[in-house]
Amino acid sequence: MVGDDMEFKKKDKMKELIETMNACSLIELEGIPISPQLGENIELLKKMFADCSDFVIRDFRQKNSVRAIAVFVDGLIDTKEVNSALKSLMVLEDGDEDIKVIEESLLPVSQMGRVDDYKKLLQAVLSGDTGILVEGNTEALTLGIRGAEKRSVNEPEGEAVVRGPREGFIENIRTNTSMLRRKLRTPRLKMKSLVVGRETNTNLVVAFLDGIADPEIVQEVTVRISKINLDAVLESGYIEEMIQDNTYSPFPQVMYTERPDTVAAALLEGRVAIFVDGTPMVLIVPVTFWMMMQASEDYYERFQMATLVRLLRYVFLIISLITPALYVAITTYHQQMLPTTLLLSIAAARESIPFPAIVEALIMEISFEALREAGIRLPKTVGQAVSILGALVVGQAAVQAGIVSAPMVIVVSLTGIASFTVPHFNASISLRMLRFPIMIAASILGIYGMLVLLLLILGHMANLRSFGVPYLSPLGPMSIGDLKDVLIRAPWSMMEKRPSFLGVQNARRMNDGFANSIQQRGGQSGVTGNRHPNEEGES
């Protein structure tokens with residue numbers, strides 16, 4: 001009796017939708033069953049998609065005269081495949097009114113599913129599938145014959161490498177997951193599908209390696225995404241901001257990348273990747289600050305070169321963060337720290353400058369940021385030239401006009417160049433933002449104010465978490481075994497274990513003793529000297 005009452009309520013709700021509704025979101029259709037009367041289904045779909053010229057309802061009859069319809073969105077489907085599927089029902093076979101028989105015997109489509117309510121049906125159709133509804137059935141078929149136009153796979157411009165794969169993700173989520181699958185050819189690679197956004201119904205995929213990733217982190221990622229209640233998710237940045245631990249922190253707690261090899265490497269360490277349909281940017285969690293200073297090329301070059309380049313990045317990280325503030329503090333409060341000759345040179349350069357050092361620094365830093373932003377927004381053919389020429393012209397003109405001093409131009413230029421060495425753009429933005437409060441603190445209290453603010457920033461980073469993982473791991477808290485891939489990059493033969501601070505299930509990534517096995521054998525098959533002649537006298 002209770003089940004019958006539920007059915008009556010669902011049917012009444014469907015009739016109410018047909019009578020009163022012109023359009024609605026898919027959430028409102030949850031639990032509304034597909035009617036066995038095809039006429040009601042057609043009427044509901046026509047009302048719902050009124051004035052939608054791209055939504056097609058193709059009415060046809062099978063060879064046994066059973067009425068059916070195909071529903072799809074023009075431009076999202078492969079027309080030839082749809083025609084072939086309809087031909088199988090209309091001409092080539094005798095037809096059948098049972099949807100299960102049609103699925104199992106009549107349609108030559110590899111990807112097919114059955115749905116029993118309108119939310120699931122329209123979710124599939126609006127994602128590019130084709131829906132088949134047959135008279136007398138309370139279920140519909142969804143055919144995975146998508147054919148929308150998509151961008152070709154190219155090298156990501158923001159993460160170019162000298163050595164490494166040249167392919168990057170595109171805006172199609174299935175193309176992206178297939179690129180990852182080609183990197184990780186294992187059944188351990190799991191991909192959970194989710195849908196977010198009341199109006200956009202954006203498809204998401206949470207990818208991880210079963211048996212390696214911490215199940216609690218995977219569960220936490222899934223729960224946070226499931227709780228998102230936005231009307232639209234147009235890019236992965238929406239997801240990033242909604243699931244991060246501390247929204248108001250200037251430091252990124254989610255990393256994004258366009259490179260399949262970077263995602264594969266992250267998953268092999270025990271992290272989780274989030275694919276979002278419609279964007280080439282794939283999110284990776286949890287992350288640490290040290291990840292932001294690592295590039296994929298670090299693992300493709302020899303470890304000596306990778307270590308040298310990585311240490312160079314950290315040096316330039318410090319330069320980009322504190323150089324303008326240090327210049328302001330020394331020229332304002334701590335002139336005694338400079339050699340006399342250098343002090344006289346700076347004093348002579350600043351003699352005609354009407355502004356204090358902090359105003360001078362702010363003018364140049366803001367101008368430099370404006371030129372950098374303009375270079376990004378301008379067309380590619382002229383953007384780089386405009387930014388370079390703009391910096392030269394503005395800097396030279398400002399010095400000649402006596403607005404800023406030549407040493408300040410040198411400091412700001414060095415700072416700008418140093419900030420470009422940070423591999424990930426969102427980490428570089430954080431440093432650019434923090435540069436301004438550090439300069440202001442230096443102008444008020446000199447080096448003391450600068451150091452106090454740096455200590456506060458370091459304390460904030462020590463307290464920060466990314467999905468429960470300390471942001472400064474493995475330095476804070478200290479994990480000696482994981483320091484082989486932080487400030488330096490140890491040889492692959494020494495990195496036998498995955499990062500322990502991620503709570504991975506399988507910590508070992510290679511066999512014991514591999515590091516010394518080749519050296520102990522003394523070369524190939526233990527041969528260290530010249531080969532002996534064989535019986536035929538060959539040498």
Short N-O contact, R163 and D298, less than 4.0 angstrom
no

Atom CE of M255 and atom OG of S466: how far apart are they, to the nearest 0.5 Å?
10.5 Å

Report yes if some heavy atom in the side chain of I132 is under 4.5 Å from a heavy atom in the side chain of I102; otherwise report no.
no

Is there a donor-acceptor contact under 3.5 Å linking the side chains of R372 and S419?
yes

Indicate the atoms forming the closest heavy-atom contact of G131 with V125, along with that distance.
N-CG2, 3.9 Å

Between the side chains of E167 and K183, is the shortest nitrogen-to-carboxylate-oxygen separation below 4.0 Å, so that they form an ion pair?
yes

Would you call the rings of F251 and F289 parallel, tilted or perpendicular, taking 30° and 60° as the class edges?
perpendicular

Short question: side chain of N426, backbone of P252 - any donor-acceptor pair under 3.5 Å?
no

Check the pair R198, N229 against side chain to side chain donor-acceptor pair (under 3.5 Å), reporting the backbone distance first and the verdict last.
CA-CA 7 Å; R198 294 192 302 271; N229 188 20; 3.0 Å; yes

F425 atom CZ: more than 12 heavy-atom contacts under 6.0 Å:
no

Classify the side-chain pair R174/T177 by whether it contains a donor and acceptor separated by less than 3.5 Å.
yes

Begin with the C-alpha distance, continue with both residues' side-chain angles, and end with the deciding distance and a verdict on side chain to side chain donor-acceptor pair (under 3.5 Å) for Y299 and D261.
CA-CA 11 Å; Y299 303 94; D261 56 323; over 6 Å; no

Compare all side-chain heavy atoms of R146 with those of L76 and state whether any distance is below 4.5 angstrom.
no

Flag if over 12 foreign heavy atoms under 6.0 Å of CZ, R151:
yes

Side-chain donor-acceptor pair under 3.5 Å between E159 and T257, yes or no?
yes

Under-4.0 Å salt bridge between E139 and R114
yes

Under 3.5 Å, is there a donor on one side chain and an acceptor on the other for S500 and D482?
yes

Under 3.5 Å, is there a donor on one side chain and an acceptor on the other for D245 and Y471?
no

Sub-4.5 Å side-chain heavy-atom contact between S35 and T138:
no

Kindly state whether the ring of F275 and the ring of F169 have centres lying under 6.0 angstrom apart.
yes

If you draw a 6.0 Å radius around CD in E369, do more than 12 non-hydrogen atoms from other residues or ligands fall strictly inside?
yes

